[in-house]
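A quick write-up on the structure given underneath.
Numbers here are sequence positions counted from 1. Read the numbers this way: they start at 1 and go in the same order the structure lists the ligands and their atoms.
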Amino acid sequence: MSDSTTIHAGSAASADPGANSYETAAARAAEDPNGFWLEAAALLEWTRMPTRATDDSRAPIHRWFPDGELNVCHNALDRHVAAGRGQDVALVYDSPVTDTVREFTYAELLDLVSRFAAVLRDKGVEKGDRVVVYMPMVPEAVVAMLACARLGAVHSVVFGGFSATELAVRIDDLRPKAVVSSSCGIERSRTIAYKPLLDEALEIATAKPEFTVVVQRPQLQAELVDGRDFDYAELLAATPEGAPCVPVKATDELYVLYTSGTTGKPKGIVRDSGGYATALAWSMPNVFGLNPGDTMFTASDVGWVVGHSYIVYAPLLAGVTSVLFEGKPIGTPDASTFFRIVSEQDVNVFFAAPTAMRVIRKEDPDGAMMKKYPMPHLRAWYMAGERLDPDTYEWTTTTLAEATGRSIPVIDNWWQTETGWPIAANPIGLHEYPLKAGSPTVPVPGYKVAIVDAAGNPVPAGNEGLIVIELPLPPGTLATVWGDDERYISSYLSAFDGYYLTGDSGYIDEDGYLYVLGRTDDVINVAGHRLSTGVMEAAIASHPAVAECAVIGVHDETKGQIPRAFVVLGDGAKDADPEALRKELVALVRSEIGPVAALKEVDVVAALPKTRSGKILRKTMREIADGRDAVVPSTIEDPEVLERIRVAITG
Ligand code: COA
Ligand code: AMP
């Protein structure tokens, strides 16, 4: 495959003197990745400075900074304190659901993290051990993540909206030594007990951790099992001395974050230490235009990659203040929450999922809430996690301009759990491009993006195809799938030699702008949450009344997509009451996957559309649901069945 479709903004990136900073950086990262990324690595403090950037000795899997050694927590905390910035604010915890705003300076956060690291170390957690973190958006979640990083232990945060079953699947895959959790989370005005879910997961899991640490919140106290569960506050109070940082190889794992694939088993995306820290530290000034002393407010969750990278690691690595928000865009208490925080905390860069703007707009179409708060420090408004549809882009841009009296760029950025940081964005720290609705602008330096057809041939500008990235991926991207290099290769690297398959489709326009249209597989995106329809199908198929089923993502005005299930009943269940069955299936998916799956629509159908060899036409159903030209295979068994599904989907 030629790389003639590798894209750059406007013209081909080059190092010529007339090129803008973006073009120069993109060209250098492409032509001299070693020099470019070694220079970026100097943004960090290393216990052993790397002398080489890329390592392709295990190609197609690439590693970064093979001879480097560092500690990521040292770079996020100790280094800033040592440089005299201990009294600067590292983290602001803003929790409208508990009516709390609390600041942590770099020195305070370092004290908490190093002492919690000592707690974990004293209970036997060592370099390379895994620790699962199952927590709501509380500062202790950040403390737990950084404490693991301090010890060289590998954390794996599991999003609180997942069920006990999903938590158990991750525990069994990781075999953690410990779990850090919380007595409860607060969802709007409801208190959600986390500990019973953890207890259930520990019952189900075969790989039992040695101990758990539980943050007891005043809203709900959890029962602790003697000898297994320990109270976070008590342990911390009994540990006055912090633990030092343990240097690790740049290639050692910092964390594993599970994400939905097309099969039932989630993929444990492995993130290395040195490559990730370098990429994030470089991204802050260059992609986000943020520097020490600035403030970033990322309204995501530490259970997702956006939270790992732009609530926790990148801001702290860059010496920026990060806002940790426990609440929702609406209802906590209303649609003004984001703007209040931007105003009160002098936020320079805000970041959230487009869904959040859609729900705010629904509640407050004229933006009265946005206009209530002066936001003089705001410079850019980032959106990611799902496609930023042009309508939401236009509304946000216009309403922000009305509210601030200035033009605030609304910057779509496209990436994945796998990549860890943006693949495409408007890199305002290097060069600000004119924005186009529906496009995340240009590839970030280090990513060589191409569009190909199913055979791997480049497609001309303007034509839709599969989005691929030329290897090696830049630092910060996935090192492998936990415990399974083969799965990494077969899922991502084997479709086209020398390229990473993103699983997204899109096109590049004549100006070199990238457009991302949607997934080409069975992954859906519900309110910025990535979910696998395959896992939902497995849960539904376990119901005794169901003979077979298909779940697809259908368009939803606020959540972007929502799952919709089509089920065929078994012979013995043909008389089942469809409404009663719907309720049972919704409850089943909720208990097997979690409330976040948000399945509500279930259609009982006589048959599913299939090929003559019995393969369900999920792709065709997806295309119908997306309003695209659906490709109907010539081998279809019964076109009538598909027609009935088409009517059900399109109404
Ligand atoms: N812990 C426990 N339960 C959770 C949870 C968590 N961390 N997160 C969500 N849930 C539950 C919710 O309470 C809800 O339960 P319910 O069905 O009993 O009401 C269910 O999961 C679905 O939640 P959600 O998808 O969040 O829907 P919602 O209607 O409560 O809120 C939005 C809608 C748009 C406000 C919300 O989805 C949102 O803020 N989305 C942005 C997501 C985001 O930031 N993603 C990160 C990518 S950058
Ligand atoms: P996650 O791994 O949860 O971050 O989800 C990654 C997937 O979400 C991508 O593969 C895309 O399908 C989708 N996605 C994320 N950000 C964007 C974006 N800015 N534009 C379009 N799709 C996006």
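- The closest approach between any non-hydrogen atom of P329 and ligand 1 is below 4.0 Å.
- Ring geometry for Y255 against Y276 counts as perpendicular: the plane angle is over 60°, on a 0 to 90° scale with 30° as the lower cut.
- Every atom of ligand 1 with a heavy atom of T355 under 4.0 Å away is listed here by number and element: 34 (C).
- Taking S163 as the reference, T165, E166 meet the side-chain contact (heavy atoms from CB on, under 4.5 Å) condition, with sequence neighbours excluded.
- H555 and Q561 share no donor-acceptor pair across their side chains, judged by distance under 3.5 Å alone.
- When non-hydrogen atoms are compared, ligand 1 lies under 4.0 Å from the side chain of Y194 (C-beta onward) but not from its backbone.
- In this structure T298 satisfies the side-chain contact (heavy atoms from CB on, under 4.5 Å) test together with M296, S300, V306, Y310, I311, F351, sequence neighbours excluded.
- Contact annotation for F351 and ligand 1: no heavy atom of the residue comes within less than 4.0 Å of the ligand.
- Of the candidates R530, M135, M383, H529, it is H529 that places a heavy atom closest to atom 25 (O) of ligand 1.
- In this structure, of A353, A527, G528, G307, the residue bringing a heavy atom nearest to atom 42 (C) of ligand 1 is A527.
- Less than 4.0 angstrom separates some heavy atom of S300 from each of these atoms of ligand 1: 44 (O), 46 (C), 47 (C), 48 (S).
- Checked by atom type, the side-chain pair T295/Q345 shows no donor-acceptor distance below 3.5 Å.
- Heavy-atom contacts from other residues, nucleotides or ligands closer than 6.0 Å to CD of E579 number more than 12.
- Side-chain contact, Y447 with W415: no donor N or O sits under 3.5 Å from an acceptor N or O.
- With respect to E386, the salt bridge (charged side-chain N to carboxylate O under 4.0 Å, His left out) criterion is satisfied by exactly one of R358, K559, R530: R358.
- With 3.5 Å as the limit, one finds no donor-acceptor pair spanning the side chains of Y433 and Y22.
- By the criterion of a heavy-atom distance under 4.0 Å, the side chain of R190, and not its backbone, is placed next to ligand 1.
- When heavy-atom distances to ligand 2 are checked against 4.0 Å, the residues falling inside are V305, G385, E386, R387, D412, N413, W414, W415, Q416, T417, D504, V516, R519, N525, R530, ordered by chain and number.
- Listed by number with element, the atoms of ligand 1 under 4.0 angstrom from any heavy atom of A384 are 48 (S).
- An N or O contact shorter than 3.5 Å is missing between K600 and ligand 1 by distance.
- The closest approach between A356 and ligand 1 stays at or above 4.0 Å for every heavy atom of the residue.
- The nearest protein atom to atom 22 (C) of ligand 1, hydrogens excluded, is given as P595 O, 3.7 Å; this is a heavy-atom distance.
- Salt bridge absent: D522 and K619 never bring a charged side-chain N and a carboxylate O closer than 4.0 Å.
- Every atom of ligand 1 is numbered from 1 in the order shown, and the set under 4.0 Å from a heavy atom of K328 is 9 (C), 26 (O), 30 (O).
- In this structure, R379 fails the cation-pi test against F288, since its NZ or CZ atom is not both closer than 6.0 Å to the six-membered ring centre and inside 45 degrees of the ring normal.
- Listed by number with element, the atoms of ligand 1 under 4.0 angstrom from any heavy atom of R188 are 30 (O), 31 (O), 35 (C).
- In this structure, of L531, V586, V306, the residue bringing a heavy atom nearest to atom 48 (S) of ligand 1 is V306.
- For atom 28 (P) of ligand 1, the choice among K559, E187, E386 with the nearest heavy atom turns out to be K559.
- Scanning G160, P354, S163 for the heavy atom closest to atom 2 (C) of ligand 1 points to G160.
- Among residues at least two apart or in separate chains, salt bridge (charged side-chain N to carboxylate O under 4.0 Å, His left out) pairs with a member in residues 254-265 are D173-K265.
- The main-chain N or O of L599 is never found under 3.5 Å from a side-chain atom of R590 such that the two would form a donor-acceptor pair.
- The protein non-hydrogen atom at the shortest distance from atom 8 (N) of ligand 1 is F159 CZ, 3.3 Å.
- Residue R590 has at least one N or O atom closer than 3.5 Å to an N or O atom of ligand 1.
- Other residues, nucleotides and ligands contribute over 12 non-hydrogen atoms within 6.0 Å of the NZ atom of K436.
- The aromatic rings of W381 and F339 lie parallel to each other, their planes meeting at an angle below 30°, with 60° marking the opposite boundary.
- Of all the atoms in ligand 1, the ones that sit under 4.0 Å from a non-hydrogen atom of A299 are 44 (O).
- No side-chain donor-acceptor contact under 3.5 Å links Y232 and Q216.
- Close contacts of ligand 1 with V596, meaning ligand atoms under 4.0 Å from a residue heavy atom, involve 21 (O).
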